[in-house]
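First the proteins, then the strands, lettered A, B, ... as listed; each starts at 1.
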2 protein chains.
Amino acid sequence: METEYETRPREAIARILRAEPRFFSAAELCARLDESGTPVSRATVYRTLERLAAKGEAALRLNDRGEATFMSCDNGHHHHAICRSCGRVEDVACGALDSFVDRLRSLHGFQLDEHSLEFHGKCRSCV
Amino acid sequence: METEYETRPREAIARILRAEPRFFSAAELCARLDESGTPVSRATVYRTLERLAAKGEAALRLNDRGEATFMSCDNGHHHHAICRSCGRVEDVACGALDSFVDRLRSLHGFQLDEHSLEFHGKCRSCV
DNA sequence: CGGTTTTTGAGACCGAGTCTCAAATCCCTC
DNA sequence: GAGGGATTTGAGACTCGGTCTCAAAAACCG
């Protein structure tokens, strides 16, 4: 019981996510899937994304309109630097944060929970 | 033309916001307003919050369910350290970030847009 | 192929947020 | 404090992202 099947919808979604290092909304994925000739229902898109996120194979983030977006993501713990211009996401190692975390604690008595940091700006190619 | 009136709904909302340094959702404000005997319609709550945000007198943020939340905010540019436990918000001066911003640029070629940073963790009294 | 389990899709449903427009409020003047 | 023009409000319809349901379809296994 509780076995997992490999299905066409799941593979089609994974393929799209793996192709680009950026966040996709469910609506965006549905549109892409329609175009690519393998339409998938909204319900299934949401279910699949939720499943990937639970397994740690996708990162979830809410965009500035409050919509859930997802990105393929297989490494360990890290943060995201998101380009405002092209949407490209670059991973930021935790080490880069250490001195800042120290200051936050000594200046503000604030103990940072490192699992929720996200940075916005311009990437190499968009500066 | 285009004058601004001071009305009871607006004053009631401002009063609630000013009383605590944390973010309130529109639903939360509606409930508080009902309790306090000056009920205000959802439409008006949203309009008032939008107006405050536009004038820079309130900060907008989306919570983890994608709902818009608002907090009274009258200082200049700064970031927020938000306590996961009590919701209390502490302002973080930009200076604390300088060395981190440098590293982000040299290591990742990423130019941080400093206007969108937000930190989560535990505040002094909740650690 | 046949049977069992998992997955899918269509569409109903939910809830946050927006929009509309007539009625109420504000404020200025007399 | 009454009159009147400009602004604001409230009730409720509406939109849209996301969830839920359940019968039908697909995946797997012998």
Side-chain angles (χ1 to χ4, degrees), chain A residues 1-17 22-55 57-72 82 87 118, chain B residues 1-17 22-55 57-72 82 87 118:
Chain A
M1 57 285 284
E2 280 299 302
T3 327
E4 279 214 339
Y5 293 168
E6 284 185 6
T7 67
R8 237 182 16 163
R10 289 181 182 173
E11 281 161 7
I13 290 169
R15 197 175 317 126
I16 294 177
L17 285 181
R22 68 178 188 81
F23 286 90
F24 291 86
S25 71
E28 227 173 331
L29 286 171
C30 281
R32 289 259 187 142
L33 290 161
D34 283 351
E35 289 167 13
S36 71
T38 48
V40 175
S41 73
R42 283 196 310 150
T44 296
V45 168
Y46 281 111
R47 280 186 291 232
T48 302
L49 292 172
E50 182 186 15
R51 191 171 134 277
L52 289 174
K55 299 201 313 186
E57 294 176 12
L60 160 66
R61 90 170 271 268
L62 301 174
N63 68 17
D64 54 7
R65 290 209 311 272
E67 298 167 1
T69 62
F70 296 81
M71 175 178 132
S72 171
I82 304 172
E118 173 173 299
Chain B
M1 57 285 289
E2 278 300 302
T3 328
E4 279 215 339
Y5 294 168
E6 284 186 4
T7 67
R8 235 179 22 158
R10 289 179 180 174
E11 281 161 8
I13 290 169
R15 197 176 317 126
I16 295 178
L17 285 181
R22 68 179 187 83
F23 286 90
F24 291 86
S25 70
E28 226 172 331
L29 285 171
C30 281
R32 290 259 187 141
L33 290 161
D34 283 351
E35 289 166 14
S36 71
T38 48
V40 176
S41 72
R42 284 194 311 148
T44 297
V45 168
Y46 281 111
R47 280 186 290 232
T48 302
L49 292 172
E50 182 186 15
R51 190 170 133 278
L52 289 174
K55 299 201 313 187
E57 293 176 12
L60 160 66
R61 88 171 272 268
L62 301 173
N63 68 17
D64 53 7
R65 289 209 310 273
E67 298 167 1
T69 62
F70 297 81
M71 174 176 131
S72 171
I82 304 172
E118 174 173 298

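The phosphate of D/dT9 (OP1 or OP2) has a side-chain N or O of B/Thr7 nearer than 4.0 angstrom. Under 4.0 angstrom from either OP1 or OP2 of D/dT8 there lies at least one side-chain N or O belonging to B/Arg10.
Checked against C/dT8, C/dC19, C/dA16, the side chain of A/Thr44 finds its nearest nucleotide in C/dT8.
Between B/Leu49 and the options B/Leu60, B/Leu17, B/Thr44, a side-chain contact (heavy atoms from CB on, under 4.5 Å) holds for only B/Leu17.
Considering all non-hydrogen atoms of both residues, B/Ala59 and B/Phe23 come closest at O-CE2, 3.5 Å. Annotation for A/Asn63 and B/Leu62: closest pair O-CD1, 3.3 Å, computed over non-hydrogen atoms.
For A/Tyr5 and C/dT5, a side-chain-to-base donor-acceptor distance below 3.5 Å is present, hydrogens and geometry of angles not being considered. A donor-acceptor contact under 3.5 Å is formed by the side chain of A/Arg47 with the base of C/dG9. No hydrogens or angles were tested; on distance alone, a donor-acceptor pair under 3.5 Å links the side chain of A/Arg42 to the base of D/dG18.
An end-to-end axis angle of 30° holds for the helix from C/dC1-D/dG30 to C/dC30-D/dG1, taken from five base pairs per end and rounded to 10°.
At a threshold of 4.0 angstrom between heavy atoms, the contacts of A/Ala68 are confined to the sugar-phosphate backbone, with no base atom among them.
Within a 6.0 Å radius of CD in A/Glu11, other residues, nucleotides and ligands contribute more than 12 heavy atoms.
Within the cation-pi definition used here (under 6.0 Å to the ring centroid, within 45° of the axis), A/Arg22 qualifies as a partner of A/Phe24.
Nearer to the 5' terminus of DNA chain C, by closest-nucleotide assignment, is the contact made by B/Leu62 (compared with the other of B/Leu62 and B/Glu6).
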